[in-house]
Amino acid sequence: MVNEALKPPAPRRERTRGCARGPCAGLACGGATGTLPAMSPALLPWLLLVFGYVLPLLHVALSRDAGLSRPAEPGRCPFSPRAGWLVIVLLLGPIGWLLFQRSRRRRRGHA
C-alpha cells in the first residue's frame, strides 16, 4: 500500500470563466448559455461539395438560360451549349457557376 503522504499532488486544473459542465467544459466560453456544439469535422467537406459543385451543376443543368440541349445543326462542335457549361462548372466549381451567372446577366441586359 502506498503512503498517501508520499504521493505527488494531483495537478490543479485551472478554472476558466466558462461553465464547469456541458459541451464547453474547461474551455473559455465566457459562460454563454445556449451555445451551439462544435461542428463535426466531416460536415465541412460535404457542405463544400454540395454547395460548391452539386447545386451549381443542378442549376446549370435545369436552367433555361444554359442554351440548347442539342448541338447546333450547321456547326462542327458535337457538344451543346448546355454541355459546355456543365463541363465548365464541373471543372471550375463555384468560379464556373459565377461565369455562367455573368453570361446570363449580359444576355438579359441586351435582350
hydrophobic_cluster_shared for [Y] and [X], side chain cutoff 4.5 Å:
X: F100; Y: I95; value: yes
X: V87; Y: L58; value: no
X: F51; Y: L43; value: yes

One should read off an interatomic distance between S80 OG and L86 CG, to the nearest 0.5 angstrom, of 7.5 Å
With rounding to the nearest 0.5 angstrom, report the CG to CG distance, L44 to L49. 11.0 Å
Compare every heavy atom of [Y] with every heavy atom of [X], then report the nearest pair and how far apart it is.
X: V89; Y: P56; result: CG1-CB, 3.9 Å
X: Y53; Y: L90; result: CE2-O, 3.7 Å
X: W85; Y: G96; result: CZ3-O, 4.2 Å

Can you tell me if CG on L99 sees more than 12 non-hydrogen neighbours from other groups inside 6.0 Å? yes
